[in-house]
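Here's the structure we're looking at; comments come further down.
Every number for a ligand or one of its atoms is a count from 1 in the order of the listing.
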Amino acid sequence: MLVSGSGSNLQAFIDACRDPAYPCTVAAVISNRPGVRGLERATAAGIASEVLDHTGFASREDFDAALLARVDAYRPDLVILAGFMRILTPAFVRHYAGRLLNIHPSLLPMYPGLHTHRRALAAGDTEHGATVHFVTADLDGGPPVVQARVAVLPGDDEATLAARVLEKEHLIYPLAARLFAEGRLRLRDGRAELDGAPLPAHGMAID
Ligand code: GAR
């Protein structure tokens, strides 16, 4: 798993893995930032972790090449971006095509990029949420796998809305990884498929 910060989504996987029936294990955690809580969570759970500080690289291409080598060293079946706040190069994305998932805190295709909660509040949306999607070269634009909605409540600010969305993230991300591990979820011809049938454009809906 690749993280940049708090790692609460990583924690959701750590917690899911306590169930012996859960079909995934977290092989390693790599952070592009030193000293983040996600690294502490990995250590506390006995998971191998590494820091690969992007500020030590001359270019995005150099960083991604080094990251790819570190990730491949663990031979993962699936690479999970969990609050990894870096735009990845096409070469990196191509290398992991069909086995690279991201979670984004919005109902994609709404609000790709940053400050999603602020933007949903500013727009007066009554619903907001999170999306797990396969990663393609299109930033936050790869095929959705699962999407969860929350209500935007009167009095919400960025923090309360983000917290409500995160609760859903912690449900849908381990679910998506489980479906992948069970061989039920895959990317084919640019579409996400579940049990051999294309998923709807917004992915599976979980409330
Ligand atoms: C999550 O809300 C995730 O959806 C978001 O960062 C947060 C990380 O939280 N990711 C993005 O914005 C990616 N574009 P976490 O570190 O506690 O899992």
Donor-acceptor pairs under 3.5 angstrom involving side-chain atoms of residues 79-94: please list them, not counting sequence neighbours.
| unit_1 | atom_1 | unit_2 | atom_2 | d |
| --- | --- | --- | --- | --- |
| T89 | OG1 | D64 | OD2 | 2.7 |
| T89 | OG1 | F92 | N | 3.4 |

Next on the checklist: At less than 4.0 angstrom from any atom of ligand 1, which residues have a non-hydrogen atom? List them by chain and residue number.
Outcome noted: S6, G7, S8, N9, G83, M85, I103, H104, P105, L166, E169

Next on the checklist: When you compare the side chain of L166 with that of N9, does any pair of heavy atoms fall below 4.5 Å?
Outcome noted: yes

Next on the checklist: Starting from L121 and following side-chain heavy-atom contacts under 4.5 Å between hydrophobic residues (I, L, V, M, F, W, Y), which residues can be reached?
Outcome noted: V150, V152, L161, V165

Item to check | Near-ring test H117/H128, centroid separation under 6.0 angstrom | outcome: yes

Next on the checklist: Is it true that Y111 and D125 share a donor-acceptor pair across their side chains at a distance under 3.5 Å?
Outcome noted: yes

Checklist entry - Taking only residues two or more places apart in sequence or in another chain, which ones pass salt bridge (Lys or Arg N to Asp or Glu O under 4.0 Å) with D195? => result R184

